[in-house]
Amino acid sequence: MTVTRMDDDHDPAGDRELGMDQAITRRDFLNGMAIAVGGAMASAWTGFDARLLAQRAAQDAPGYYPPALTGMRGSHDGSFDVAHALRDGAFWKKAGQPVDTRETYDLVIVGAGISGLAAAHFFRARFGRAARILILDNHDDVGGHAKRNEFRPGGQLWIANGGTAGISSPFPYSREARGLMKELGIDPAALSDKARQAPRPVAFEGLQSAVFFDKETFGEDRLVVGMPGGGRRAGASSSWADFVARTPLSPEARRDIVRLQEDRVDYMPGLTSDEKKARLWAMSYKTFLLDVVKVHSDVIPFYQTRTHGLYGVGIDAVGALECWALHYPGFEGMNLDAAATGRMSFTARGDSTPQEEPYTFHHPDGGASVARHLVRALLPQAVPGSTAEDIVTARVDYSRLDRADSLVRIRLHSTVVRAAHVGDAGSAKSVDVTYARDGKAYTVHANGVVLACWNMTIPFIVPELPEKQREALRYGVKVPLVYTSVAVKNWQAMKKLGVSNVSTPGMYHTGIRLEQPTIIGDYRPPVSPDQPILLRMSRTPCSPGQPARVQHRLGHVDLLTTPFAKFERSIRDQLARALGSGGFDPARDIDAITVNRWPHGYAYEYNPLWDPEWAPGEAPCEIGRKRFGRIAIANSDAAAAAYMDQAMDQAYRAVNELLAGS
Ligand SMILES: Cc1cc2nc3c(=O)[nH]c(=O)nc-3n(C[C@H](O)[C@H](O)[C@H](O)COP(=O)(O)OP(=O)(O)OC[C@H]3O[C@@H](n4cnc5c(N)ncnc54)[C@H](O)[C@@H]3O)c2cc1C
């Protein structure tokens with residue numbers, strides 16, 4: 001296999017040691033055909049090779065099965081070039097006259113994520129099962145962020161979530177979202193109970209959390225096992241004093257970490273709970289640590305990335321009050337009133353509100369199982385099986401997603417570039433929807449349209465929207481994230497070190513953990529340390545010190561301009577350094593790598609540190625989601641909340657608005 005490397009900033013001898021020359025499954029494939037990473041080929045719009053695009057577009061070709069692709073996934077190459085050309089004003093200069101397909105639908109949905117699929121479901125429920133629906137999506141798979149990755153290291157099936165991790169939300173699911181889950185046959189409480197009762201493989205017993213201190217950040221490479229409070233599943237761990245004593249941190253940092261973690265101090269004596277909260281929402285957690293708790297500055301790198309997973313930014317850009325709600329250290333003695341939440345983000349407000357029945361469950365492929373359930377309900381012939389369990393191992397037949405004789409059709413590799421009313425938006429009877437696929441533009445005709453795509457693309461698709469609405473749609477900046485899976489031949493190194501997860505706060509990916517599978521239905525991957533497993537790693541590109549939205553924008557550029565080889569080299573280097581003392585050898589042990597790159601990941605949630613408090617109805621997501629003639633707007637961006645239930649709720653609202661207005 002010939003691979004074109006796009007970054008030359010490497011040392012060939014070091015590369016060999018890391019295994020960069022090993023023949024693993026690692027780079028982008030189009031139906032089995034390797035392509036150069038980094039945009040060496042370009043489309044009709046930006047110069048991408050049309051032959052490759054044609055192959056990419058063959059969703060009904062035999063063997064088409066995107067979950068099995070490895071290498072760069074998430075927003076894969078070829079999924080965003082049309083949208084970027086549209087944004088840059090280049091698309092219409094190159095596009096020829098769209099081909100009129102003469103297809104007509106009751107509803108065209110833009111986006112095959114949870115929101116778009118749920119919109120199809122809600123529309124059929126209200127309009128009737130005879131509704132003709134077309135769903136268009138720019139990716140090669142259904143589900144949007146709810147993406148599935150499959151691996152077969154050593155011939156055994158391992159499944160992972162490429163995006164959406166699972167059913168979880170800060171607030172209880174709404175009646176509509178709950179009803180939808182029930183109709184799909186998903187009962188998260190029952191599934192959780194079953195998973196809890198399943199015997200935990202003994203191989204994972206006693207494994208602990210660890211921190212890897214890297215020399216670039218902490219002056220020395222050192223793995224310290226047994227971080228206190230390392231999570232529900234971690235084994236016994238040491239005290240904070242014992243833990244920090246084994247780290248390369250300065251004496252001042254060690255002292256202050258123990259003080260921060262263990263002392264119960266009211267750092268704002270004399271103020272009421274409300275007054276303290278008012279101060280805490282206006283300062284970052286980093287400022288709280290440095291200026292209020294007065295820790296030594298060496299403490300900061302140890303905590304800097306703690307907020308990455310939820311917020312996509314570090315503690316410099318997340319409010320202290322948020323961190324109180326999420327039970328970060330430092331607030332134990334401050335006597336803050338738990339009942340009154342104060343001004344917080346959607347996530348923190350919900351997480352600080354006790355719930356009667358936590359609505360959580362992790363399918364092996366995360367939210368992709370929910371997406372696949374939705375596809376099964378819409379197109380039963382495409383997804384075999386009938387139960388909440390068998391969905392996990394069901395193989396979707398992609399050739400059945402877009403059949404001319406089907407009432408519901410899902411068309412992949414199709415980027416919508418225009419939705420235009422035929423006539424005035426107030427009185428038009430139909431909308432023409434144009435999409436680009438396979439190097440050509442096509443138009444279909446719809447009685448109504450639900451835009452379940454990303455807010456920032458909508459002003460380009462519907463330029464007639466009022467300026468205030470377009471501005472509101474542009475406000476939120478989606479959060480960039482990377483979920484990486486590395487299939488390894490065995491996990492003896494982690495077993496020997498006694499670790500299940502390693503926090504790597506100074507490194508390219510900020511965490512490594514063993515995938516401990518949810519055993520469900522027929523899905524029973526091997527769990528012995530002698531057998532293959534997945535290592536999960538996450539990265540959030542941040543630019544500390546900048547406002548959150550600026551950090552997210554810089555993160556988009558970072559992810560879209562980083563070639564796969566750079567990810568691969570840093571993954572190999574990081575695993576070698578963090579796990580090398582247990583015997584891990586990246587050249588020998590790595591079987592496959594998948595990097596799920598999400599430049600446009602989580603919906604932007606309003607962050608009290610950076611965003612004003614809007615009057616009811618005046619938040620950008622509320623202004624942005626207003627119906628426009630026969631076009632309604634769904635997607636989790638319309639809720640400014642990155643959760644599956646929010647995507648469903650917005651779909652429900654959009655469909656009802658559309659039907660009420662027609
Ligand atoms: C890494 C990650 C982890 C997450 N984990 C969780 C979790 O554990 N629990 C949870 O509840 N939520 C989680 N979320 C959030 C959750 O995934 C989303 O809220 C939900 O899935 C969003 O669904 P959606 O349909 O609104 O958007 P998406 O899933 O983004 O779907 C929209 C689709 O529209 C497509 N599209 C955009 N523009 C166009 C166009 N012009 N033409 C055609 N198609 C277009 C997009 O490419 C995409 O495929 C996570 C999100 C990410 C990124």
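Whatever order the structure lists ligands and atoms in, that order sets their numbers, starting from 1. For reference, positions follow the sequence shown, starting with 1. Excluded from the calculations below are hydrogen atoms, water molecules and symmetry mates; all remaining heavy atoms, backbone and side chain alike, are included.
Given atom 20 (C) of ligand 1, the protein heavy atom at minimum distance is Ala647 CB, 4.1 Å. Ser414 O, 3.4 Å is the protein heavy atom nearest to atom 43 (C) of ligand 1. Annotation: atom 5 (N) of ligand 1 to nearest protein heavy atom, Ala165 N, 3.1 Å. With hydrogens left out, the protein atom closest to atom 34 (O) of ligand 1 is Gly111 CA, 3.2 Å, a heavy atom. In terms of protein heavy-atom proximity, atom 37 (C) of ligand 1 is nearest to Cys453 CB, 3.4 Å. The protein heavy-atom contact nearest to atom 48 (C) of ligand 1 is Asp137 OD2, 3.5 Å. Atom 2 (C) of ligand 1 has Tyr602 CE2, 3.6 Å as its closest protein atom, hydrogens excluded (heavy atom only). Here the heavy atom of the protein found nearest to atom 13 (C) of ligand 1 is Thr164 CG2, 3.5 Å.
Taking the six-membered ring for Trp and the full ring otherwise, Phe80 and His600 have centroids separated by 6.0 Å or more. The ring of Phe123 has its center no closer than 6.0 angstrom to the ring center of His121. Between His556 and Trp598, the distance from one ring center to the other does not fall under 6.0 angstrom. Proximity of the aromatic rings of Phe171 and Phe346 is defined here by a centroid distance below 6.0 angstrom, and this criterion is met.
Contact annotation: Gln646 has no heavy atom less than 4.0 Å from any atom of ligand 1. Residue Gly367 places no heavy atom under 4.0 Å from ligand 1. In this structure, Gly166 has a heavy atom closer than 4.0 Å to ligand 1. A heavy-atom separation below 4.0 Å is not found between Ala603 and ligand 1. Residue-ligand proximity: Ser168 is placed with a non-hydrogen atom under 4.0 Å from ligand 1.
Only the side chain of Leu481 comes within 4.0 Å of ligand 1, counting heavy atoms alone; its backbone N, CA, C and O stay farther away. Proximity of Ala452 to ligand 1, defined as any heavy-atom pair under 4.0 Å, is confined to the backbone N, CA, C and O atoms. No part of Tyr435 comes within 4.0 Å of ligand 1, judged by heavy-atom distances.
Considering His145, His139, Met456 only, the shortest heavy-atom separation from atom 53 (C) of ligand 1 involves His145. Summarising the contacts of atom 42 (N) of ligand 1 with Thr540, Val416, Val479, the nearest heavy atom is found in Val416. The residue among Thr360, Val142, Asn138 with a heavy atom at the shortest distance from atom 36 (N) of ligand 1 is Asn138. The closest non-hydrogen atom to atom 25 (O) of ligand 1, taken over Ser115, Ala112, Ser636, comes from Ser115.
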Show the numbers, then the answer: is there a side-chain contact (heavy atoms from CB on, under 4.5 Å) between Arg437 and Val82? CA-CA 9 Å; Arg437 186 178 205 251; Val82 169; over 6 Å; no
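Side-chain contact annotation: Asn149 with Asn596, donor-acceptor N/O pair under 3.5 Å present. Side-chain contact check for Asp140 and Tyr64: no donor-acceptor pair (N or O, by modelled atom type) lies under 3.5 Å. If you check the side chains of Thr434 and Arg418, you find no donor sitting under 3.5 Å from an acceptor. A side-chain donor from one of Tyr105 and Glu103 sits under 3.5 Å from a side-chain acceptor of the other.
Looking at ligand 1, you won't find any N or O of Tyr173 less than 3.5 Å from one of its N or O atoms. Considering both main-chain and side-chain atoms, Met644 comes within under 3.5 Å of ligand 1 through a nitrogen or oxygen pair. The distance criterion of under 3.5 Å between nitrogen or oxygen atoms is not met by Thr415 with respect to ligand 1.
Atoms of ligand 1 lying under 4.0 Å from at least one heavy atom of Val110, given by number and element, are 40 (C), 42 (N), 43 (C). Which parts of ligand 1 touch Gly144 is read off a 4.0 Å heavy-atom cut-off, strictly below it: atoms 29 (O), 31 (O), 48 (C), 49 (O). Ligand-side atoms of ligand 1 in range of Ile461: 41 (N), range being under 4.0 angstrom from any heavy atom. Ligand-side atoms of ligand 1 in range of Gly601: 53 (C), range being under 4.0 angstrom from any heavy atom. Atoms of ligand 1 lying under 4.0 Å from at least one heavy atom of Leu136, given by number and element, are 43 (C), 44 (N).
Results of the side-chain contact (heavy atoms from CB on, under 4.5 Å) test with His308 over Ser538, Cys542, Pro541 single out Cys542 as the only residue that passes.
With respect to Arg409 and Asp402, a salt bridge is recorded, a charged nitrogen being found less than 4.0 Å from a carboxylate O. The pair Arg513-Glu515 meets the salt-bridge criterion, with a side-chain N (NZ, NE, NH1 or NH2) lying under 4.0 Å from an Asp/Glu carboxylate O. The pair Arg148-Glu150 meets the salt-bridge criterion, since a charged nitrogen lies less than 4.0 angstrom from a carboxylate oxygen. We find that Asp558 and Arg539 are joined by a salt bridge, their nearest charged nitrogen and carboxylate oxygen being less than 4.0 Å apart. A salt bridge is defined here as a Lys NZ or Arg NE, NH1 or NH2 lying under 4.0 Å from an Asp or Glu carboxylate O, and Arg349 with Glu605 fails to meet this definition.
Between Glu464 and Ala419, the shortest heavy-atom contact is OE1-O, 4.4 Å.
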